[in-house]
Number of protein chains: 2
Amino acid sequence: MGSLDKFPRPSVTVDLVIFTIADDALKVLLIRRGAEPYKDCWALPGGFVEIDESLEDAAARELQEEAGVTSVYLEQLYTFGDPGRDPRGRVISVSYFALVDADRQRIRAATDAIDARWFSVFDPENSRKLAFDHKKILDYAVWRLRNKIEWTTVGYELLPRKFTLSELQRVYEIILQKPVDKRNFRKKVLAQGKIRELSETRKDGAHRPARLYSFRKK
Amino acid sequence: MGSLDKFPRPSVTVDLVIFTIADDALKVLLIRRGAEPYKDCWALPGGFVEIDESLEDAAARELQEEAGVTSVYLEQLYTFGDPGRDPRGRVISVSYFALVDADRQRIRAATDAIDARWFSVFDPENSRKLAFDHKKILDYAVWRLRNKIEWTTVGYELLPRKFTLSELQRVYEIILQKPVDKRNFRKKVLAQGKIRELSETRKDGAHRPARLYSFRKK
DNA sequence: TATGCTTCGTGTACTTTCTACACTAAGCAG
DNA sequence: CTGCTTAGTGTAGAAAGTACACGAAGCATA
């Protein structure tokens, strides 16, 4: 491998912005750092890329280890590599964002003794400083998510397999932080042809039952 | 820096997809590799990230070294890091794409004894195999460029400071590989308000002179 | 100086998409 | 049976996008 040895190598990590919807809000999973630097600060989950695993595999592995979820929507975001972003040395971070649906959002219990919590993204209370440049990464991820749901159908990834149109609309309103017109919304998503009407309805105990839909895969 | 040492580190490179318009075609700059692996194959210009320079700086430096241009449009594309993409070992590549305008597209002469050439992107003749996974990177860059010019104004980055609307239209046609309606195109770009009509015209020697425009910075 | 050639530059009618907006239907509780 | 709450539906106007043809300007040359 001769020629590669001429260059000092940076460390490479993956960092994950894991979103979910809960309590009528967009949430991101953060873990509290147990060691320096930024000890006791909240940070995005992440870790070093193993020498023989792909970046995507590393991201999926961290997702499993830190959030206890598997096979969810996962997409590479951006690579942050300014010297000085980590006081320990040169660390380049390949960031990913993941969407976890309401069904699986149980955080892996604190078996790893990691202190993990979902934080509301838009709660000004939570614009506390994150470790490293993670605030920048999070902001970028939110920007990307907002764009994405306007042009694609990733919104469904945040809902259980069966959902009502009102629930889907609420997801859009939460992410975009603005009200959405009910009739136009339904017209638009149905026209996309990506969701299938089911014969079941959801009776949430009160009022008129809502028809259930499911995402039409592929 | 203790804790970083526990993990073997990959090498990190930046690879550049440098586009320009020349000879009525979209071109990409490739360099012929002088060493193994892929000796004598054509490859995207790129190189290792120095331990104390940012990724963007590394990309700008390579752009200067290999294409001899500076201060052009430069944007991070995607990070490719599959194990095995480089036979020498684990190499993670952060790819960038750059747009070089017609004014500056002189390739730095072969002072570095590098053999560099512009290749037509859509010429099937040139779908020869590139080194490493560079074909994949190039394809992704083309896809991104096509999306980008439809929603933004980066098209101007490929033209000299003063240009005619016909020239701009031709850039779009070349990139999208389809004809564009003249009147609708003019309506659209003028409505964007990003270009300013100049008082000069271009007399290319024959026929009716065309009005010149320039890009309205910021 | 008239004719032909080539590129420049412009407007309108039609279609599609987006936006705003209000009432009836279904089920439950009392 | 009445009242409350959420589900579900259509239409008219505005805006954006698409298709399409001809006169104007300059040059060449007969």
Side-chain angles (χ1 to χ4, degrees), chain A residues 21 23-24 102 146-153 155-156 159-160 162-215, chain B residues 21 23-24 102 146-153 155-156 159-160 162-215:
Chain A
I21 298 278
D23 307 325
D24 207 42
R146 282 181 163 169
N147 281 328
K148 199 110 191 166
I149 65 165
E150 303 243 43
W151 306 112
T152 73
T153 56
Y156 311 127
L159 286 174
K162 299 174 178 180
F163 53 86
T164 69
L165 291 185
S166 295
E167 288 165 346
L168 185 57
Q169 177 179 343
R170 191 69 196 124
V171 168
Y172 277 69
E173 290 178 332
I174 288 170
I175 293 173
L176 299 175
Q177 290 282 288
K178 69 175 188 205
V180 169
D181 179 86
K182 195 206 284 196
R183 280 173 292 190
N184 293 338
F185 178 78
R186 291 161 114 90
K187 211 186 308 171
K188 195 178 93 181
V189 300
L190 292 176
Q192 286 178 292
K194 296 293 176 72
I195 65 176
R196 190 178 55 240
E197 182 177 326
L198 303 177
S199 49
E200 318 158 55
T201 55
R202 163 165 307 161
K203 292 199 260 287
D204 53 353
H207 319 306
R208 176 172 178 176
R211 164 133 278 129
L212 287 170
Y213 291 79
S214 76
F215 181 51
Chain B
I21 299 277
D23 307 325
D24 207 42
R146 282 182 162 169
N147 281 328
K148 200 108 190 166
I149 65 164
E150 304 244 42
W151 306 112
T152 73
T153 56
Y156 312 127
L159 287 174
K162 299 175 180 181
F163 53 87
T164 70
L165 290 185
S166 294
E167 288 165 345
L168 184 58
Q169 177 178 344
R170 191 69 196 124
V171 168
Y172 278 70
E173 290 178 332
I174 288 170
I175 292 174
L176 299 175
Q177 291 281 289
K178 68 176 189 204
V180 169
D181 179 84
K182 195 205 283 197
R183 281 173 290 189
N184 294 338
F185 178 77
R186 290 160 115 89
K187 210 186 308 174
K188 195 178 94 181
V189 301
L190 292 175
Q192 285 178 294
K194 296 294 175 70
I195 64 176
R196 191 178 54 241
E197 182 177 327
L198 303 177
S199 49
E200 319 158 54
T201 54
R202 163 165 308 161
K203 291 200 260 288
D204 51 354
H207 320 306
R208 177 173 177 176
R211 164 133 278 130
L212 287 170
Y213 290 81
S214 76
F215 181 51

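All values below come from the heavy atoms of this structure, side chains included, with hydrogens, waters and symmetry mates left out. Letters A, B, ... are given to chains in the order of the sequence lines, protein chains preceding strands, and every chain is numbered from 1.
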Practice prompt. Round to the nearest Å and state the distance from B:R170 atom CZ to C:dC8 atom P.
Written response: 12 Å

Worksheet entry | Nearest-angstrom distance from the residue atom CZ of B:R208 to P of D:dG26 | 8 Å

Discussion item. Any residue in residues 179-186 of chain B with a heavy atom nearer than 4.0 angstrom to DNA chain C? Just list them by number, or reply none.
Written reply: B:K182, B:R183, B:R186

Discussion item. Expressed as a whole number of angstroms, how long is the span from A:L212:CG to D:dT6:P?
Written reply: 17 Å

Discussion item. Tell me the interatomic distance from A:R211, atom CZ, to C:dA26, atom P, rounded to whole angstroms.
Written reply: 12 Å

Discussion item. Which is more 5' along DNA chain D, the nucleotide nearest A:L165 or the one nearest B:P209? Just name the residue.
Written reply: A:L165

Item to complete: In whole angstrom, give the distance that lies between atom NZ of B:K188 and atom C1' of C:dT10.
Response: 19 Å

Worksheet entry | A:K148 atom NZ, over 12 foreign heavy atoms within 6.0 Å | yes

Item to complete: Whole angstrom is fine here: how far is it from CD in A:Q169 over to P in D:dG8?
Response: 11 Å

Worksheet item: To the nearest angstrom, how far is B:L190 atom CG from C:dC8 atom C1'?
Response: 14 Å

Discussion item. Show, in sequence, the C-alpha distance, side-chain angles and deciding distance for A:F215 and A:L168, and conclude whether the side-chain contact (heavy atoms from CB on, under 4.5 Å) test is met.
Written reply: CA-CA 11 Å; A:F215 181 51; A:L168 185 57; over 6 Å; no

Discussion item. Please give me the minimum heavy-atom distance between B:R202 and B:K162, naming the atom from each residue.
Written reply: NH2-O, 3.4 Å

Worksheet item: Are B:R170 and B:E167 ion-paired here, with the side-chain N under 4.0 Å from a carboxylate O?
Response: no

Worksheet entry | Nucleotide D:dA25, atom C1' - distance to CD of B:E200 in whole Å | 18 Å

Worksheet item: Hey, are the side chains of A:L176 and A:E150 touching, using non-hydrogen atoms and a 4.5 Å cut-off?
Response: yes

Worksheet, complete the sentence: Partner of B:F163 under side chain to side chain contact (heavy atoms under 4.5 Å, CB included), picked from B:L212, B:I195, B:V171, is B:I195

Worksheet item: Does the D:dT11 base have a donor-acceptor partner in the side chain of A:K187 within less than 3.5 Å?
Response: yes

Fill in: B:R211 vs B:L198 side-chain heavy atoms within contact, under 4.5 Å
no

Worksheet item: Base, sugar-phosphate alone, or nothing: which one does B:S166 contact when heavy atoms must sit under 4.0 Å apart?
Response: sugar-phosphate

Worksheet item: Is a donor-acceptor pair below 3.5 Å formed from side chain A:K203 to base D:dT6, judging by atom type as modelled?
Response: no

